[in-house]
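For reference, the structure discussed in these notes is given below.
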There are 2 protein chains.
Amino acid sequence: MQTTLPEPCCTIDLSTAEQARLVTMFKALGNPIRFEIIKFLATHPQCITGDIVDALPIAQATVSQHLKVLKQAGWIDGIVHGPATNYCLHVENIAWFKSKVGEIL
Amino acid sequence: MQTTLPEPCCTIDLSTAEQARLVTMFKALGNPIRFEIIKFLATHPQCITGDIVDALPIAQATVSQHLKVLKQAGWIDGIVHGPATNYCLHVENIAWFKSKVGEIL
DNA sequence: CTATGTTATCGTATTTTTACGATTAATAGT
DNA sequence: ACTATTAATCGTAAAAATACGATAACATAG
């Protein structure tokens with residue numbers, strides 16, 4: 001009953017680095033708190049860490065950790081402004097993500 | 001130096017259930033092996049579990065587990081055909097994912 | 001220089017994910 | 001019914017993610 005492996009119907013053009021970057025972006029948004037942060041930033045552009053902390057039911061240290069993950073994944077950008085940090089969505093990377101997902105799926 | 005929380009610039013229309021579903025889909029693809037499986041299915045439509053196992057460097061039990069995660073997340077569909085299972089991408093759910101991501105980001 | 005406000009990092013406990021071998025389940029062929 | 005083939009599930013060990021309090025770092029105000 002074993003069928004031979006069908007020939008590929010097409011190829012996907014994606015470098016190892018690009019694929020790793022995509023997986024990292026998927027992983028970063030695969031967490032309810034981080035998704036909430038992205039949603040918050042989408043509706044509240046240019047807010048500081050404290051605003052995000054206030055909007056969430058978790059400790060400041062944990063929020064900071066999640067922001068780090070989102071930043072390293074490329075979803076957000078943090079600009080230090082005085083003692084505070086302004087966070088915003090990284091529009092270029094988000095566009096790249098959507099474009100690549102559209103190519104593949 | 002504390003700024004007041006800026007007013008939301010817009011709202012995002014997303015039910016709790018939809019948001020949970022999106023997070024689950026992001027999480028499922030946030031794993032290198034599962035991403036590879038999706039890529040494999042995109043280029044090799046209608047193959048069986050064994051084909052996927054052969055294409056990956058991990059044990060059959062682990063592949064089966066990953067397939068379950070992808071199926072529960074809605075990325076793929078498994079149709080039992082004799083002793084084997086044919087897997088394919090769940091095109092409707094994928095379209096839904098892309099559409100929602102486009103709305104939000 | 002000191003105090004304050006803001007955020008990041010450290011150390012750690014708990015939970016979740018990942019991977020494996022072994023076993024079970026289910027179907028098809030003889 | 002018996003055997004072979006295919007895939008899912010079980011039990012479990014190891015690794016990674018998540019959350020917290022405490023502390024450190026850094027800029028600004030006084």
Side-chain angles (χ1 to χ4, degrees), chain A residues 1-6 19-20 23-38 40-41 44 46-88, chain B residues 1-6 19-20 23-38 40-41 44 46-88:
Chain A
M1 204 47 174
Q2 160 71 340
T3 57
T4 56
L5 174 64
Q19 181 161 333
V23 170
T24 302
M25 291 188 85
F26 271 107
K27 188 173 184 178
L29 271 203
N31 171 283
I33 296 282
R34 288 195 292 266
F35 192 93
E36 205 67 60
I37 291 174
I38 292 296
F40 187 80
L41 285 180
H44 301 79
Q46 290 289 66
C47 56
I48 64 173
T49 308
D51 298 329
I52 304 170
V53 172
D54 292 343
L56 294 171
I58 60 175
Q60 179 265 322
T62 310
V63 173
S64 193
Q65 214 170 239
H66 282 306
L67 287 169
K68 190 177 177 183
V69 172
L70 287 170
K71 193 174 165 193
Q72 284 177 337
W75 284 108
I76 64 175
D77 212 10
I79 295 152
V80 175
H81 193 263
T85 306
N86 285 297
Y87 280 103
C88 56
Chain B
M1 203 49 172
Q2 160 71 339
T3 58
T4 57
L5 174 63
Q19 182 162 332
V23 170
T24 301
M25 289 189 85
F26 269 106
K27 187 173 185 178
L29 271 204
N31 171 284
I33 296 282
R34 288 195 291 266
F35 192 93
E36 205 66 60
I37 292 174
I38 292 295
F40 187 79
L41 286 180
H44 301 80
Q46 290 289 66
C47 57
I48 64 174
T49 308
D51 298 329
I52 304 170
V53 171
D54 291 344
L56 293 172
I58 60 175
Q60 177 265 322
T62 311
V63 173
S64 195
Q65 215 170 235
H66 282 306
L67 287 169
K68 190 178 177 182
V69 172
L70 287 171
K71 193 174 164 193
Q72 284 177 338
W75 284 108
I76 64 176
D77 212 10
I79 294 153
V80 175
H81 194 263
T85 306
N86 284 296
Y87 280 103
C88 57

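The structure presented is a predicted model; accordingly, all values stated were derived computationally and were not measured. Proteins get letters first, then strands, A, B, ... in listed order; numbering begins at 1 in each.
Listed pair A:R34 / D:dT18 meets the phosphate criterion, a side-chain N or O lying under 4.0 Å from OP1 or OP2. One finds a side-chain N or O of B:T49 lying less than 4.0 angstrom from the OP1 or OP2 phosphate oxygen of D:dA8. For the OP1/OP2 pair of D:dA17 and a distance below 4.0 Å, the side-chain nitrogens and oxygens of A:K27 include at least one atom meeting the criterion. A sub-4.0 Å separation between OP1 or OP2 of C:dT17 and a side-chain N or O of B:N31 is absent. The phosphate of D:dT6 (OP1 or OP2) has no side-chain N or O of B:Y87 nearer than 4.0 angstrom. Applying the 4.0 Å criterion to OP1 and OP2 of D:dC20, one finds that A:T62 has a side-chain N or O inside that range. Note on B:K68: every side-chain N or O is 4.0 Å or more away from OP1 and OP2 of D:dA8. The side chain of A:H66 contributes an N or O atom lying less than 4.0 Å from OP1 or OP2 of D:dA19.
Rounded to whole angstrom, the span from the CD atom of B:Q72 across to the P atom of C:dT17 amounts to 11 Å. B:K71 places its NZ atom 13 Å from the P atom of D:dA7, with the value rounded to the nearest Å. D:dT18 atom P lies 12 Å from atom CG of A:L29, rounded to whole Å. Computed from coordinates, the A:I33 CD1 to D:dA17 C1' distance equals 13 Å when rounded to whole Å. Whole-Å rounding puts the B:D54 CG to D:dT5 P distance at 14 Å. We find that CD of B:Q60 is positioned 13 Å from P of C:dA22, with the value rounded to whole Å. Here D:dA17 presents its P atom at 17 Å from CG of A:L67, a figure rounded to the nearest Å. As rounded to whole Å, 19 Å separates atom P of C:dA26 from atom CG of B:N86.
Among C:dT7, D:dT9, C:dT27, the nucleotide with an atom closest to any side-chain atom of A:I48 is C:dT7. Out of D:dT28, D:dA22, C:dT7, the shortest distance to the side chain of A:P83 is found at D:dT28.
Between atom CD of residue A:E36 and atom CG of residue A:N31 there is a gap of 10.5 Å, rounded to the nearest 0.5 Å. Put simply, CZ on B:R34 and CD1 on B:I76 are 10.5 Å apart, with the number rounded to the nearest 0.5 Å. One finds the CG atom of B:L56 at 11.0 Å from the CG atom of B:D51 (value rounded to the nearest 0.5 Å). If you take OG1 on B:T49 and CG on B:L67, they are separated by 5.5 Å, rounding to the nearest 0.5 Å.
Residue contacts for A:A59: at a heavy-atom cut-off of 4.0 Å it reaches the sugar-phosphate backbone alone, with no base atom in range.
Taking 3.5 Å as the limit, the base of D:dA8 and the side chain of B:Q65 contain no donor-acceptor pair of atoms between them.
Below 30°, between 30° and 60°, or above 60°: for B:F26 and A:W75 the angle between ring planes is above 60°, a perpendicular geometry.
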